[in-house]
Structures are given as C-alpha cells and as structure tokens.
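FYI, the numbering just counts along the sequence from 1.
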Amino acid sequence: MTDHIAPAPEAAAARPPLPPFTRETAVRKVRLAEDAWNTRDPQRVALAYTPDSRWRNRAEFPEGRAEIVAFLTRKWDQELDYRLIKELWAFDGHRIAVRFAYECHDGAGHWKRAYGNENWEFDDNGLMRRRHASINDLPIAESDRKFHWPPGRRPDDHPGLGDLGL
C-alpha cells in the first residue's frame with residue numbers, strides 16, 4: 001500500500017474513503033489512521049476528525065480539534081519511540097471497530113506495550129466524529145519489543161498484529 005496522508009484544509013473537506021464502508025474501504029481507512037498516528041504529528045492527525053469530534057481515551061474526554069491536538073501533543077511528549085499497529089475488527093455503515101497495539105517508552109527508558117480497541121463513527125465526509133478507546137498497558141523489556149521499523153509509517157512487509165501473535 002502506498003497511500004500517504006495529505007494535509008486537509010481546516011474545513012470539512014472529504015477524507016476518503018467515505019462511508020458507508022465496504023470491507024476494502026474499512027481496511028484502507030484503518031491503515032490511513034495508523035499511518036497518520038505513526039507520524040506523531042498532532043496537527044496532522046487532528047485534521048482527520050470533525051471540528052467538534054468527541055473522544056473517550058482512558059479517563060480523558062477531549063472534545064474538538066484543539067483539545068485533540070493538546071491531548072496528542074502531551075501523549076507523544078511522554079510516549080517516546082512510539083510505534084502503532086491497527087487492525088480492522090468490524091465495520092457497518094459509518095462505523096468501524098479496530099483493535100490495536102503500540103509500543104513506546106518513557107523518559108526513564110521503561111518500555112510498555114499498550115493493547116486496545118477503538119470504536120469509530122464517521123460523518124458523510126469521512127471525518128471521524130466519535131472515537132471511543134479502551135486501552136490496557138503491559139510493561140515490557142526492550143528485548144521483548146515486536147515493532148521494529150524506523151520512525152514513521154509501518155513498512156508494508158512488517159507483520160501485523162495477527163502475524164505477531166497479538
């Protein structure tokens with residue numbers, strides 16, 4: 001897959017693929033989201049959400065792009081060498097469910113792998129208006145890491161979650 005995320009204007013520009021989703025378009029939407037999050041660029045990532053998007057992320061409830069940017073900035077200031085893999089779980093109409101895992105470490109060098117599920121709801125323009133995430137953390141040794149690629153987009157030949165036994 002060679003798709004790359006292009007910056008979108010602040011307005012409600014369409015973000016294909018658009019709902020209602022097919023299996024193919026849902027898989028593509030999930031990979032585009034993974035690619036965007038692996039940039040660790042809060043401004044860029046926030047453009048995939050509606051201006052009034054509502055999130056539930058652990059015990060935080062960001063609303064709107066400004067709060068999403070602040071949340072992601074804080075997140076990636078603390079979660080260093082972040083690598084994420086997302087996988088389609090289910091889809092229907094304007095909704096997609098994914099499972100994911102990411103690896104990162106803190107400033108003291110303590111590694112973790114976070115596992116979770118997300119439920120997404122999109123508007124007609126393909127912007128995400130709701131994101132509900134449930135996440136669990138597992139401390140890991142650096143030698144137990146499974147996500148090995150340079151910062152940025154996961155290479156197409158890197159194993160996915162199922163292939164890694166996650």
All heavy atoms of Leu161 vs all of Phe147, minimum pair found to be CD2-CZ, 4.2 Å

Sorted by chain and number, sequence neighbours left out, side chain to side chain donor-acceptor pair (under 3.5 Å) with His132 holds for none

### CA sep, side-chain torsions, deciding dist, call: His94, Asp124, side-chain hydrogen bond (donor to acceptor under 3.5 Å, both in side chains)
CA-CA 8 Å; His94 284 58; Asp124 290 337; 2.7 Å; yes

Q.
Main chain of Ala101, side chain of Arg113: is a donor-acceptor contact present, judged purely on distance under 3.5 Å?
A. no

What about Trp55 and Phe71, are their ring centers closer than 6.0 Å? yes

**Full working for side-chain contact (heavy atoms from CB on, under 4.5 Å) between Glu118 and Arg131** = CA-CA 7 Å; Glu118 293 176 328; Arg131 175 184 171 268; 2.7 Å; yes

Separation between CG (Leu18) and CG (Leu127), nearest 0.5 Å, reads 9.0 Å

Report the relative orientation of the aromatic rings in Trp111 and His105; use parallel for angles under 30°, tilted for 30 to 60°, perpendicular for over 60°.
tilted

Minimal heavy-atom distance between Leu32 and Pro17, with the atoms involved, is CD1-CD, 3.7 Å

Contact between Asn117 and Trp89 at the side-chain level, heavy atoms closer than 4.5 Å - yes or no?
no

Rounded to the nearest 0.5 Å, the CG atom of Leu80 sits from the CD atom of Glu103 at a distance of 14.0 Å

Arg56 vs Ser134, side-chain hydrogen bond (donor to acceptor under 3.5 Å, both in side chains): CA-CA, chis, key distance, verdict: CA-CA 8 Å; Arg56 186 198 74 214; Ser134 298; 2.8 Å; yes

Exercise for the section: Would you indicate whether Asp106, at its atom CG, is surrounded by more than 12 heavy atoms from other residues, nucleotides or ligands within a distance under 6.0 Å? Expected result: yes

Scanning both residues in full, the closest heavy-atom pair of Asn57 with Ala133 reads OD1-CB, 3.8 Å

One should read off an interatomic distance between Leu164 CG and Lys146 NZ, to the nearest 0.5 angstrom, of 6.0 Å

| query | Are the side chains of Phe91 and Arg23 in touch, meaning some heavy atoms are under 4.5 Å apart? | reply | yes

*asked:* Any carboxylate oxygen within less than 4.0 angstrom of a Lys/Arg side-chain nitrogen, looking at Arg99 and Glu87?
replied: yes

Here the gap from Arg130 atom CZ to Asp52 atom CG, rounded to the nearest 0.5 Å, amounts to 8.5 Å

Residues passing the side chain to side chain donor-acceptor pair (under 3.5 Å) test with Tyr102, sequence neighbours excluded, are Arg58, Lys75, Glu79

To the nearest 0.5 Å, atom NZ of Lys112 lies from atom CG of Asn136 at 11.0 Å

Does Glu34 pair with Lys86 as a salt bridge, N-O distance under 4.0 Å? no

Taking the side chain as C-beta and beyond, is there a heavy-atom pair between Tyr82 and Asn38 under 4.5 Å?
yes

| said: Under 4.5 Å between side-chain heavy atoms, counting indirect links through other Ile/Leu/Val/Met/Phe/Trp/Tyr residues: same cluster for Ile140 and Leu166 or not? | reply: yes

Q) After noting the C-alpha distance and the side-chain angles of Val45 and Trp76, does the key distance pass the side-chain contact (heavy atoms from CB on, under 4.5 Å) rule? A) CA-CA 12 Å; Val45 171; Trp76 290 321; 4.0 Å; yes

Interatomic distance, CD@Glu121 vs CE@Met128, rounded to 0.5 Å, equals 10.5 Å

Worksheet item: Would you find a donor on one side and an acceptor on the other, under 3.5 Å apart, between the side chain of Arg83 and the backbone of Asp81?
Response: yes

Nearest heavy-atom contact between Ala46 and Ile68 is CB-CG2, 4.1 Å

Arg65 side chain to Tyr49 backbone, donor-acceptor under 3.5 Å = yes

Next item on the list: Step by step, work out the side-chain contact (heavy atoms from CB on, under 4.5 Å) result for Trp37 and Leu72.
Entry: CA-CA 9 Å; Trp37 279 64; Leu72 292 173; 3.6 Å; yes

Hey, does Val98 have a side-chain heavy atom less than 4.5 Å from the side chain of Lys29?
no

Heavy atoms of Pro19 and Gly93 approach each other most closely as CB-O, 3.7 Å

| request: Decide whether Val27 and Leu84 are clustered together by the hydrophobic rule: side chain heavy atoms of Ile, Leu, Val, Met, Phe, Trp, Tyr closer than 4.5 Å, transitively. | output: yes

| Intermediate values then yes/no, side-chain contact (heavy atoms from CB on, under 4.5 Å), Asn119 and Arg95 | CA-CA 7 Å; Asn119 295 315; Arg95 293 181 174 161; over 6 Å; no

